[in-house]
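Structure first, commentary second.
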Amino acid sequence: MQVHNNKRDIKADVAQFLREKKTIGFVPTMGALHDGHLALVQKALTENSVVVVSIFVNPTQFNNPEDLQKYPRTISNDINLLSTISNDIIVFCPTSEEIYGSNPISISYDFCGLEHEMEGKFRSGHFDGVGTVIKHLFEIISPTKAYFGEKDFQQLQIIKKLTEIEKMPVQIVGCPIYREESGLALSSRNKRLTDTQLKEASLIYRTLLEVKNSFGTKSVVSLNEWVTKQFENHPELTLEYFEIAEVSTLKSITKKDKNITYRAFIAVFAGEVRLIDNIALN
Ligand code: PAF
């Protein structure tokens, strides 16, 4: 398996692929790979002539330095995992210098308000950091299609907007959330949960499922109240937000309208670990 650490080498590969008219599937990651990432890679392999996976813990998208420092880094394990799927995958593991030079800063984007909802309220600057790194990575890799999990649904919508703003000819492919048997959405952060937290965190998906089942018959206000109650005084879990939002604008609603597609979004702390999830409602 090819592993590149610098832009020059991967760009040389990409230039060759483009000359050969190959399609390039790209899966950007921050490593600590799990089955959810591997499902993205599998899909990319079936839809493209070559697949590039990047592993880069992007400093500009962390608003909390401790979260950046504690983010799991398991590069050699990640490379081994990828090699179990296919030896033809090209891995790009740049340093921060390689992406940003000596000064890792974000471009300030206007994502038409998508960036101010939900995660944007709690993680200042986060989406500028994501947009910036994805723009840099897309410029280096020139992907035909890029694959993102729906667990970070707001990120997925913002990256679609980014490609419009930057006029990048990349098809953004959203992929369903991959879950543990308990229903907990797979996340690299799950590695930081204690056994008890891991067990208790299944409440997040059970709550979302119940909201989905009741969405047709209950009001948004009563669903919001019910969800708040589920987490009140819970010994292991603290609800940060629960919102039912329109899919196109990500604006949260208090009343349903006909012919509009909605999703429920949730963020919960299990100890210090922040977990997010979402579900389609209609
Ligand atoms: O979802 C992630 O892992 C990251 O936000 C991404 C898209 C790789 C950008 O750093």
Side-chain angles (χ1 to χ4, degrees), residues 1-5 10 23-59 61-62 67-68 70-94 99 119 126-127 129-131 133-134 136-138 140-141 143-160 162 170-193 198 201 204-205 273-279:
M1 183 149 57
Q2 284 273 18
V3 180
H4 293 306
N5 300 110
I10 188 125
T23 55
I24 304 174
F26 177 40
V27 183
T29 81
M30 298 205 299
L33 301 184
H34 51 65
D35 287 350
H37 294 115
L38 300 187
L40 300 181
V41 177
Q42 295 277 19
K43 188 165 168 65
L45 281 164
T46 62
E47 296 183 354
N48 301 276
S49 352
V50 288
V51 170
V52 178
V53 176
S54 64
I55 300 177
F56 177 58
V57 182
N58 171 34
Q61 72 187 75
F62 287 82
D67 199 21
L68 170 61
K70 289 195 173 159
Y71 201 87
R73 289 161 172 87
T74 55
I75 287 262
S76 49
N77 194 43
D78 292 342
I79 292 171
N80 280 340
L81 263 181
L82 290 171
S83 67
T84 62
I85 304 189
S86 161
N87 261 321
D88 297 334
I89 297 166
I90 295 148
V91 185
F92 180 43
C93 306
I99 298 292
E119 291 299 285
H126 171 68
F127 289 117
V130 171
V133 77
I134 293 297
H136 289 318
L137 290 169
F138 281 4
I140 297 166
I141 289 153
T144 320
K145 292 185 179 185
Y147 296 79
F148 296 87
E150 286 184 343
K151 184 176 80 66
D152 298 295
F153 193 84
Q154 187 171 9
Q155 166 174 282
L156 172 64
Q157 301 297 70
I158 281 177
I159 289 168
K160 286 182 183 163
L162 173 80
V170 186
Q171 189 185 331
I172 304 301
V173 184
C175 303
I177 300 174
Y178 220 83
R179 298 183 179 282
E180 308 224 356
E181 226 168 277
S182 70
L184 178 65
L186 288 197
S187 162
S188 305
R189 290 194 165 86
N190 295 356
K191 291 196 169 78
R192 291 173 53 202
L193 298 174
L198 199 57
I204 300 169
Y205 183 55
V273 184
R274 191 167 179 279
L275 302 168
I276 60 170
D277 202 348
N278 67 85
I279 198 165

Separation between CG of Leu193 and NZ of Lys191, rounded to the nearest 0.5 Å: 11.0 Å
Pairing residues for Asn190 by the side-chain hydrogen bond (donor to acceptor under 3.5 Å, both in side chains) criterion, not counting sequence neighbours: none
Name all residues meeting the side chain to side chain contact (heavy atoms under 4.5 Å, CB included) criterion together with Ala39; count only those two or more places apart in sequence or in a different chain, and write none if there are none. Tyr178
Mind listing the closest non-hydrogen atom pair of Ala44 and Asn48 along with its distance? O-ND2, 2.8 Å
With His126, which residues qualify under side chain to side chain contact (heavy atoms under 4.5 Å, CB included), at least two apart? Gln61, Arg123, Val130
Sorted by chain and residue number, the salt bridge (Lys or Arg N to Asp or Glu O under 4.0 Å) partners of Lys70 (sequence neighbours excluded) come out as Glu66, Glu272
Answer with yes or no whether the side chains of Asp78 and Thr74 bring together a donor and an acceptor at under 3.5 Å. yes
Quick one, Lys145 and Thr23 - any side-chain contact, counting heavy atoms below 4.5 Å? no
All side-chain hydrogen bond (donor to acceptor under 3.5 Å, both in side chains) counterparts of Gln157, not counting sequence neighbours: none
At their closest point, which heavy atom of Leu275 faces which heavy atom of Ala201, and how far apart are they? CD1-CB, 4.0 Å
Would you list the pairs meeting ring-ring contact (aromatic ring centres under 6.0 Å, His included) in which at least one residue belongs to residues 32-51, sequence neighbours left out? His34-His37
Residues Phe92 and Ile140: closest non-hydrogen pair is CE2-CD1, 4.2 Å
Contact check, side chains of Asn80 and Thr84, non-hydrogen atoms, under 4.5 Å: no
When you measure from the side chain of Thr144 to the backbone of Gly25, do you find a donor-acceptor pair of N or O atoms at a distance under 3.5 Å? no
Which value, rounded to the nearest 0.5 Å, describes the distance between Ser54 atom OG and Ile10 atom CD1? 8.5 Å
Can you name the residues that form a side-chain hydrogen bond (donor to acceptor under 3.5 Å, both in side chains) with Asp67, not counting sequence neighbours? Arg189, Arg192
When rounded to the nearest 0.5 angstrom, what is the spacing between CZ in Phe56 and CD1 in Ile99? 5.0 Å
Atom pair CD/CG of Gln154 and Asn278 - distance to nearest 0.5 Å: 10.0 Å
Looking at residues at least two apart in the chain, or sitting in another chain, which of them share a salt bridge (Lys or Arg N to Asp or Glu O under 4.0 Å) with Glu180? none
Asp277: side chain to side chain contact (heavy atoms under 4.5 Å, CB included) partners, not counting sequence neighbours: Ile177, Arg179, Ala185, Ile204, Tyr205, Leu208, Ile266
With a 4.5 Å limit on heavy-atom distance, are the side chains of Val3 and Cys93 in contact? yes
I want to check something: taking the side chain as every heavy atom from C-beta on, are Asp88 and Val50 in contact at a cut-off of under 4.5 Å? no
Would you compute the distance between atom CG of Asn58 and atom CG of Leu137 and round it to the nearest 0.5 angstrom? 8.0 Å
For residues Ser188 and Ala32, report the shortest heavy-atom separation together with the two atoms involved. OG-O, 3.1 Å
For Leu40, what residues pass the side chain to side chain contact (heavy atoms under 4.5 Å, CB included) criterion, not counting sequence neighbours? Val27, Tyr147, Cys175
What residues, two or more places apart in sequence or in another chain, satisfy side-chain hydrogen bond (donor to acceptor under 3.5 Å, both in side chains) together with Arg73? none
Nearest 0.5 Å, what's the OG1-CG distance between Thr29 and Leu82? 7.5 Å
Quick one: which residue pairs count as a salt bridge (charged side-chain N to carboxylate O under 4.0 Å, His left out) with a foot in residues 34-46, not counting sequence neighbours? Lys43-Glu47
